[in-house]
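Since the structure comes first, as structure tokens, the remarks are kept for the end.
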Amino acid sequence: MTKQVEERQRVVIRFAGDSGDGMQLTGDRFTNATAVFGNDLATLPDFPAEIRAPAGTVHGVSAFQIQFASTDILTPGDHPNVLIAMNPAALRAELGQVEKGGILILNEDAFTQRNLEKAGYAADPRHDGTLDGYQVYEVPMTSITVRAVEELGLTRKEAERSKNIFALGLVSWMFGRPTEVTLNWLHKKFADKSQVYEANVAAFKAGYNFGETTELFGTSFEVKPAPVRPGTYRNVSGAQALAWGLVAAAERSGLRLFYASYPITPASELLHELSRLKNFGVMTLQAEDEIAAANVALGASFAGNLGVTGTSGPGMDLKAETLGLAVTLELPMVIVDVQRAGPSTGMPTKTEQSDLLLAMFGRHGESPMPVVAARSPAHCFDAAIEAARLAVTYRTPVIVLSDTFLGNSSEPWLIPDVDSLPVIDPAFATGPNAGQEFLPYLRDERLARPWAIPGSAGLRHRIGGLEKEEGTGDISYDPDNHARMTALRAAKVQGIVDDILPVEVDDPDSNAELLVLGWGSTDGAIRASARRVRERGMKVATAQLVHLNPFPANLGEVVRSYRKVLIPELNLGQLALLVRGRYLVDARSYTKVQGLPLHLDELEAEIVKVMQE
Amino acid sequence: MTKQVEERQRVVIRFAGDSGDGMQLTGDRFTNATAVFGNDLATLPDFPAEIRAPAGTVHGVSAFQIQFASTDILTPGDHPNVLIAMNPAALRAELGQVEKGGILILNEDAFTQRNLEKAGYAADPRHDGTLDGYQVYEVPMTSITVRAVEELGLTRKEAERSKNIFALGLVSWMFGRPTEVTLNWLHKKFADKSQVYEANVAAFKAGYNFGETTELFGTSFEVKPAPVRPGTYRNVSGAQALAWGLVAAAERSGLRLFYASYPITPASELLHELSRLKNFGVMTLQAEDEIAAANVALGASFAGNLGVTGTSGPGMDLKAETLGLAVTLELPMVIVDVQRAGPSTGMPTKTEQSDLLLAMFGRHGESPMPVVAARSPAHCFDAAIEAARLAVTYRTPVIVLSDTFLGNSSEPWLIPDVDSLPVIDPAFATGPNAGQEFLPYLRDERLARPWAIPGSAGLRHRIGGLEKEEGTGDISYDPDNHARMTALRAAKVQGIVDDILPVEVDDPDSNAELLVLGWGSTDGAIRASARRVRERGMKVATAQLVHLNPFPANLGEVVRSYRKVLIPELNLGQLALLVRGRYLVDARSYTKVQGLPLHLDELEAEIVKVMQE
Amino acid sequence: MSANDSANDDGGTAAGTLTKKDFTSDQEVRWCPGCGDYAILATVQGFMPELGIEPDRTVFVSGIGCSGRFTYYMDTYGVHGIHGRAPAIATGIATANPDLSIWVVTGDGDGLSIGGNHLIHALRRNVNLTILMFNNQIYGLTKGQYSPTSALGTRAPSTPTGSIDHPLNPISLALGAGATFVARAADTDAKLMGKILEEAYKHKGAVFIEMLQNCPVFNDGVWEGVKDDPKGKQIKLEQGKPLVFADGTKGIALGAGMKPEIVDVVGGDTSKLLVHDEHGSQLYAHLLAQLVQPDFPMPMGVLYRQEKPTYDQLANAQIQDAIEKQGAGDLGKLLYSGMTWEVGADGTRH
Amino acid sequence: MSANDSANDDGGTAAGTLTKKDFTSDQEVRWCPGCGDYAILATVQGFMPELGIEPDRTVFVSGIGCSGRFTYYMDTYGVHGIHGRAPAIATGIATANPDLSIWVVTGDGDGLSIGGNHLIHALRRNVNLTILMFNNQIYGLTKGQYSPTSALGTRAPSTPTGSIDHPLNPISLALGAGATFVARAADTDAKLMGKILEEAYKHKGAVFIEMLQNCPVFNDGVWEGVKDDPKGKQIKLEQGKPLVFADGTKGIALGAGMKPEIVDVVGGDTSKLLVHDEHGSQLYAHLLAQLVQPDFPMPMGVLYRQEKPTYDQLANAQIQDAIEKQGAGDLGKLLYSGMTWEVGADGTRH
Ligand SMILES: Cc1ncc(C[n+]2csc(CCOP(=O)(O)OP(=O)(O)O)c2C)c(N)n1
Ligand SMILES: Cc1ncc(C[n+]2csc(CCOP(=O)(O)OP(=O)(O)O)c2C)c(N)n1
Ligand code: SF4
Ligand code: SF4
Ligand SMILES: [Mg+2]
Ligand SMILES: [Mg+2]
């Protein structure tokens with residue numbers, strides 16, 4: 001029988017199974033095939049909170065979501081059209097999110113009484129009406145896989161391991177993914193242990209052919225490639241992009257990257273990624289705690305390296321005092337905060353944007369610091385470079401805000417040409433700057449002070465946390481000097497406004513009433529919802545802030561030029577407070593604090609609501 | 001000869017000398033005599049930054065300032081009318097502040113070549129015109145003192161020690177202070193070592209008689225007693241009042257006060273004061289650092305004590321993570337921040353109000369906390385009780401903001417009747433609150449959760465920093481639960497608005513155009529400058545915030561009801577940001593960041609300027 | 001932690017009548033299959049009733065880490081604090097209420113990395129609490145970075161080419177900090193753990209117990225060198241008995257230059273061997289601390305104990321003294337202390 | 001800290017030709033009259049030239065405290081950090097540039113109270129720096145509160161009825177943390193301090209030196225018990241010589257139960273005495289650590305040293321290895337690593 005092929009513009013697929021089932025790998029493989037095929041895509045893995053919750057339980061479910069399309073898309077999608085559930089727990093954990101009428105592909109073999117109980121199902125959801133209205137496909141994935149590989153003589157346990165590759169094959173057929181991408185990868189990966197290799201190839205083909213040949217599936221789907229700018233692409237996650245951005249900044253400044261950190265979810269990925277790049281001259285140090293990490297990075301900066309430290313909320317709290325020292329020492333330093341759901345330990349594996357005001361004000365005294373936020377996984381690369389540029393040019397610590405969602409999700413990235421990246425000039429002090437003397441706090445036109453590193457002849461100086469006399473840097477308790485230094489530190493950071501791009505407004509019809517203003521990782525969701533709203537024939541403008549301190553020069557004008565301003569944030573309205581306080585515009589907040597990224601449909605509804613008021 | 005007596009309404013005197021000269025004691029004695037005499041007064045000691053800078057140097061100068069008046073006054077005064085300088089360094093350090101034409105009383109004996117050099121004087125200021133325009137009185141204090149006590153057979157060194165008491169005697173005469181107050185005190189103090197006693201009495205009388213008899217002083221001054229409410233008064237410093245307020249809160253709640261702290265200027269005074277009150281059942285613990293101190297206090301609260309920790313800026317940074325834990329554990333706790341000049345180590349002995357935004361936002365995640373600020377030395381007592389009341393009633397950490405100025409300065413205090421102080425009900429949980437069960441996060445009408453302390457039968461429960469399920473307090477990663485708990489924590493703190501007083505506006509002519517809105521220790525200066533402005537026939541209203549989170553219910557209405565709002569702060573405009581952001585009023589900032597308290601004349605000028613625009 | 005003198009007052013369930021269930025909370029245990037923490041949990045829950053500890057008077061305090069979850073599984077009072085600060089929280093609880101039995105559960109990262117300072121200060125203060133350190137030589141919860149006890153050269157995500165910092169010896173550090181009770185047991189050795197818990201419970205002051213814990217996921221078998229051959233690779237410490245192992249065929253003697261050395265025991269002659277004395281000198285305890293794999297068999301049991309007044313006793317005694325000496329504080333008197341003055345309705349003063 | 005192999009390159013003043021003035025900054029020294037810190041400062045400034053250290057390659061890092069001011073008085077590079085964190089800042093500097101000579105100045109509060117954890121981790125990592133701890137058994141800068149080294153019962157503003165926490169022994173703690181060079185000197189003993197600085201300078205790795213420092217204002221004479229009678233109350237450590245004091249009439253032997261004991265030396269027979277070996281066993285060093293006033297004379301000089309690779313060497317070596325093995329990193333290649341795909345102008349892929 002020949003099968004129908006149905007065309008779709010965009011599809012959201014979610015692979016879900018036990019932590020041990022290899023869902024992340026399955027997702028990655030499907031992503032690569034999809035990338036090569038040429039769809040635009042966005043992905044989001046969803047790990048269980050516990051290291052290894054008991055197998056078969058809802059807490060042990062690990063999932064991977066991908067949205068891919070023939071047009072460009074901006075988020076991993078809200079509601080899966082297709083759910084692959086490797087066991088009952090996966091079905092139970094994920095069903096709620098699947099679109100009504102969506103496709104469910106279940107591993108029939110896993111729906112045993114025992115597994116149903118482990119998943120907390122009183123009755124079998126396949127027969128008690130729970131799945132009514134969905135398109136349910138039950139596939140005995142385990143047994144078919146075992147049969148497919150039996151002649152290879154693996155143990156049953158080993159054989160069963162390949163069932164995720166079977167699922168991959170099946171879904172690859174369903175959406176016409178190029179098989180060679182996966183097969184080539186298997187070939188590279190398992191070149192040595194050929195038996196496992198054979199098993200996986202067999203499982204993959206079995207899955208693909210199962211879709212092709214059995215009656216079960218009437219239709220497959222086609223999602224045409226998306227038109228994109230020519231060039232070389234790769235898929236990149238936020239964590240990877242941020243780490244690489246730091247390496248790029250080091251290369252473009254000729255500085256050695258010194259990353260000191262204390263492990264914490266979700267920031268540990270940066271430490272891990274950078275620890276693998278020692279041949280780039282990258283120094284990484286796992287400190288005894290976040291305070292030490294910050295001080296080690298600061299010491300490294302004093303010695304002439306690009307000192308960087310990374311952490312998440314709880315660690316940011318602990319670094320506060322050291323950041324204050326960095327502010328007054330006026331040394332270049334980058335601090336990465338991969339935000340997670342707080343307060344306190346909160347929900348360590350969940351996303352949130354609730355550290356903005358901490359980044360702005362979380363230090364005693366008047367202690368101003370530039371703040372930069374990444375807006376997409378790939379943009380983490382640019383954000384890291386921008387932070388380093390400001391830190392080195394202005395001799396100041398700079399905070400980069402990322403979050404769990406950005407760090408873990410990935411998107412295709414048009415790989416930049418290294419030579420096109422900004423050049424950063426460390427401009428080390430080389431000699432006296434005041435006649436025969438060297439004054440460590442004599443400022444340049446940007447109000448930045450000289451960076452004189454130990455080992456340089458004749459530039460010896462002492463700096464510390466006590467208030468310093470303008471110019472000399474000697475300890476000073478003089479009232480006017482303190483007022484002046486306080487003003488200078490503030491003016492230096494504010495002065496960056498002349499050195500950054502104005503905020504770009506996307507207002508196609510250029511006369512929208514409502515501006516949706518966001519920052520950081522909500523970019524995709526905001527732009528996508530705006531599109532939907534426009535598709536409904538309404539006018540809406542959007543803008544996304546990358547620079548949160550200082551604000552871009554044109555921001556005041558921008559927010560004042562719209563009748564309504566809506567600020568969606570994954571917090572209780574932190575940017576809103578800053579914008580209202582600074583510009584006195586009655587910006588209203590749309591807040592979501594669920595540990596989840598912003599969803600298109602929620603925001604779309606809110607936008608429409610606000611516009612109709 | 002009989003001398004003239006000139007009446008003055010208010011006088012500002014500054015005693016200045018070497019750290020070793022006992023200026024603080026001299027000031028205290030003069031203050032007590034003045035208090036008993038019945039003037040209203042305000043004092044401010046000014047210690048050198050170094051423990052003991054080299055004797056005779058400007059850095060070693062220790063000063064004490066007092067303003068006293070026949071009307072009520074609100075600050076220690078901007079510019080001394082009289083300066084007592086025990087050596088050249090003291091003259092050099094303080095002269096700048098003395099009012100033009102003011103009185104300078106110099107210890108002639110101390111103006112040796114050596115001392116002049118130590119003070120950094122190239123020429124003798126008494127003869128090079130430096131003192132032109134001042135009324136200069138040179139008194140050989142040292143030698144007269146030595147002569148006065150010679151028959152007592154002390155060593156010259158011992159004898160010289162009494163020269164500050166000589167100065168005290170002299171100034172006591174000048175301003176007609178009752179001598180018996182000082183004499184009685186000397187009697188008590190030195191009852192035992194009679195020789196030193198004799199010496200001090202002799203020196204005091206010598207000083208008094210010197211003024212009375214010599215031709216040098218033509219006039220003495222009279223400052224009539226100030227009318228005040230009847231009752232028993234004492235002089236109290238902010239540090240003392242704050243410590244006593246905590247003790248009072250413990251007494252009125254029946255809780256044991258547990259104060260855990262790590263020494264830091266200027267907060268150490270609290271630790272010292274409370275350590276002396278062990279017979280009140282007060283537990284004090286000097287921890288290994290501020291993080292430990294906060295955790296010890298939190299542990300004490302969990303165990304059913306009133307856990308309190310106190311520190312200054314750098315320590316606040318370090319406590320941030322623990323305060324976040326306290327927010328999510330929802331346990332009563334008080335955190336005192338005696339603000340000092342920052343950022344970083346800054347100017348440890350100088351005052352500032354720059355930790356407001358830190359108190360509001362200095363924790364990762366959405367981590368709301370009530371914030372209370374003391375407005376005068378005596379008000380520290382009430383602020384401490386209010387903070388404890390909110391902490392216990394709402395099961396939340398509460399921050400009390402004081403500052404160096406408040407902590408060190410003192411004022412007369414109408415001693416309150418203990419029984420009139422608010423009663424605080426710990427309302428410990430005593431049994432199940434949900435049928436047979438005890439749910440640690442089941443809330444009352446105030447949204448406060450039960451406080452069940454270890455040792456209570458049948459109320460065992462576990463709480464922690466991970467997000468908790470509403471009611472049960474069990475770990476929860478449920479998105480909606482997190483949203484709900486985040487909202488509940490915020491609503492609980494916001495709900496306090498119904499339990500606090502509205503902000504009082506002082507607008508005598510009730511139709512002023514300008515409102516001067518302040519918070520904390522600027523109260524006196526703001527009210528005093530407003531008076532001066534009114535004396536000039538202009539209308540101005542003032543209001544001082546004690547509650548900074550939540551704001552009083554009527555604040556929005558208040559700020560909106562004035563055409564202009566001016567917010568003076570010892571920072572770069574922190575309250576201004578909050579008020580503007582919250583109420584969208586174009587409040588403007590008057591900022592001073594010099595490590596000094598607000599001065600009347602500066603603010604008076606600013607108010608006039610703003611009104612005339 | 002403080003022995004519970006009064007088993008029955010204010011409603012605490014009577015000791016003795018308790019069972020493991022009374023110490024088991026309703027929370028589902030969520031460690032990885034095969035984690036050493038399960039064994040420790042079972043032993044502690046099982047042994048508490050035998051000690052006659054009242055759950056209502058017991059508090060578990062833990063930091064962050066897999067070990068930190070322990071608190072949720074005990075049906076006692078409990079605080080799951082922030083990373084590394086459990087000893088400080090516990091110090092507050094113990095000082096506030098010395099009648100409680102307080103247990104701190106920490107890990108090699110929580111207790112020796114971020115929390116190292118609080119640990120040593122709790123030990124030097126001799127606060128009345130028992131610290132169980134689960135040493136798996138790895139950061140489990142954050143997925144396998146090396147810890148302060150990881151061997152030099154440990155390959156972990158943050159040290160792909162091997163760790164380069166020399167590991168801490170938890171026992172040496174505890175002794176160096178002045179701990180008054182130091183012991184060691186393997187996670188799976190329920191019998192020994194029980195013995196130690198009993199002694200620890202009797203001890204007034206800070207107890208430090210190193211638990212050799214296996215993390216099958218990120219550091220599997222790191223203690224196998226000790227656990228696989230209890231006879232050959234462990235020294236079962238017994239008060240007054242010589243330090244022998246390998247069925248008494250070998251023992252530990254103090255060698256030249258004050259270095260411990262392994263000697264053969266011939267014809268049962270143990271005269272040259274060191275004799276275990278848990279009340280012995282700090283120096284002897286330091287020697288035991290230095291017996292670590294692979295060069296030496298590791299001493300298991302109570303290595304050291306010493307009686308010292310506890311912080312909470314002394315602190316509360318100072319308050320009692322003050323009250324006895326000065327009389328209970330009177331707030332009114334306090335406010336009126338020092339110089340005061342009266343102002344009459346007519347403005348007169350006196 | 002790292003001996004300075006190259007005296008003359010990039011403009012550093014040639015060693016030998018330097019004087020005390022070259023290490024003396026223009027800042028007015030602001031300690032109290034009679035403070036022990038003056039003596040230490042003078043000795044360090046005076047001795048640096050003899051070591052042939054170049055000021056341009058020298059960095060002083062200090063925390064907060066009276067001791068912390070030291071940095072401002074040295075005409076070298078310097079960072080006056082925040083309270084307790086100097087070892088961490090110094091670790092960053094040392095690892096970033098192993099050619100520098102790095103000195104950390106800290107106090108008993110800065111280094112053992114708030115900074116205790118960084119101290120032990122810097123020591124265990126064996127970072128190449130020299131830590132001078134000024135131990136005056138008090139918090140000087142904050143006006144006299146007791147410190148972690150204050151004797152039990154110390155009356156201070158925060159403990160009016162006497163401190164109740166048992167003091168830390170800095171040397172025991174340092175050894176417990178795995179320090180590779182441990183020494184002690186009195187603030188006023190310039191000669192001994194000079195000897196120690198010289199050895200410390202030669203040592204590659206973390207050096208810990210306890211300076212017995214007098215605070216005449218808040219804790220005057222706290223070390224008098226040791227300093228007033230050098231012969232009777234100090235043991236001048238000499239490599240290979242027996243532990244004797246009181247003009248050789250008394251000595252230290254290892255007594256029963258591994259307790260150190262004082263014995264009389266009769267007829268110059270020192271055979272029973274312990275013989276000093278700074279390269280000796282950790283256990284021997286722990287014994288020296290336990291010799292503290294008032295029961296024992298205190299050992300002065302180099303107590304312990306051991307050669308171990310330093311953190312900064314190993315860290316930088318790993319980078320060199322990686323470069324040799326994988327070749328110097330190429331950013332372009334990195335960005336193109338893994339799977340990439342081309343999109344042609346016509347939208348085609350390959
Ligand atoms: C302030 C802070 N920093 C870092 C973390 C992340 N973190 C949680 S547990 C842990 C280490 C756990 O190791 P260990 O104490 O050995 O416990 P284990 O998981 O091995 O039982 C880290 C780094 C955190 N939760 N908080
Ligand atoms: C975070 C922080 N906490 C507290 C302080 C206050 N403080 C400054 S120095 C010091 C202790 C100093 O004692 P020590 O280290 O012994 O130095 P010493 O003054 O005795 O030389 C303290 C508590 C501070 N500056 N920063
Ligand atoms: S990661 Fe290791 S320590 Fe943590 S639960 Fe799993 S097995 Fe246990
Ligand atoms: S307080 Fe003590 S330690 Fe500090 S400078 Fe004065 S004498 Fe020296
Ligand atoms: Mg561990
Ligand atoms: Mg000290």
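In what follows, every chain begins at residue 1, and chains take the letters A, B, ... in the order their sequences are listed.
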* Structure fact -> Bottom line for A:Gln574: the part with an atom under 4.5 Å from chain B's heavy atoms is side chain
* Report yes or no: does A:Asn571 contribute a side-chain atom to a donor-acceptor pair with the main-chain N or O of B:Glu366 at less than 3.5 Å? => no
* Given side chains that start at C-beta, do those of A:Thr345 and B:Thr328 come closer than 4.5 Å, heavy atoms only? -> no
* Asked: When only pairs under 4.5 Å are counted, which of B:Gly342, B:Pro368, B:Ser354, B:Ser367 shares the most heavy-atom pairs with chain A?
  -> B:Ser354
* Asked: chain B heavy atoms under 4.5 Å from A:Glu321: which part of the residue, side chain, backbone, both or neither?
  -> both
* Donor-acceptor pair, A:His364 side chain versus B:Pro343 backbone, under 3.5 Å? -> no
* Asked: Using non-hydrogen atoms only, which part of A:Leu329 is less than 4.5 Å away from chain B: side chain, backbone, both, or neither?
  -> neither
* Contacting region of A:Ala359 [heavy-atom separation from chain B under 4.5 Å] -> neither
* Structure fact -> Correct closest heavy-atom pair for B:Ala483 and A:Gln594 would be CB-CG, 3.9 Å
* Asked: Using non-hydrogen atoms only, which part of A:Ser476 is less than 4.5 Å away from chain B: side chain, backbone, both, or neither?
  -> backbone
* Given the rule in the side-chain contact (heavy atoms from CB on, under 4.5 Å) test, do A:Ile291 and B:Ile291 qualify, once you have shown the distances and angles that lead to the verdict? -> CA-CA 12 Å; A:Ile291 299 175; B:Ile291 299 175; 4.1 Å; yes
* Asked: Is chain B contacted by the side chain of A:Arg489, its backbone, both, or neither, given a heavy-atom distance below 4.5 Å?
  -> side chain
* To do: Check whether A:Leu596 gets within reach of chain B through its side chain, its backbone, both or neither, counting any heavy atom under 4.5 Å.
  => side chain
* Structure fact -> Of B:Gly465, B:Ala341, B:Gly362, B:Ala326, the largest count of non-hydrogen pairs under 4.5 angstrom with chain A goes to B:Gly465
* Asked: What residue in A:Ala587, A:Gly346, A:Ser312, A:Gly595 has the most heavy-atom pairs under 4.5 Å with chain B?
  -> A:Gly346
* Check for a donor-acceptor pair, side chain of A:Asp355 on one end and backbone N or O of B:Gly365 on the other, with a separation under 3.5 Å. => yes
* To do: Against chain B, label A:Val585 side chain, backbone, both or neither, depending on which of its atoms sit under 4.5 Å from a heavy atom there.
  => backbone
* For each of A:Ala576, A:Gly324, A:Pro479, tally heavy-atom pairs with chain B at distances under 4.5 Å, and name the one with the top tally. => A:Pro479
* Asked: Among A:Met316, A:Lys592, A:Glu352, A:Lys468, which has the most heavy-atom pairs under 4.5 Å with chain B?
  -> A:Glu352
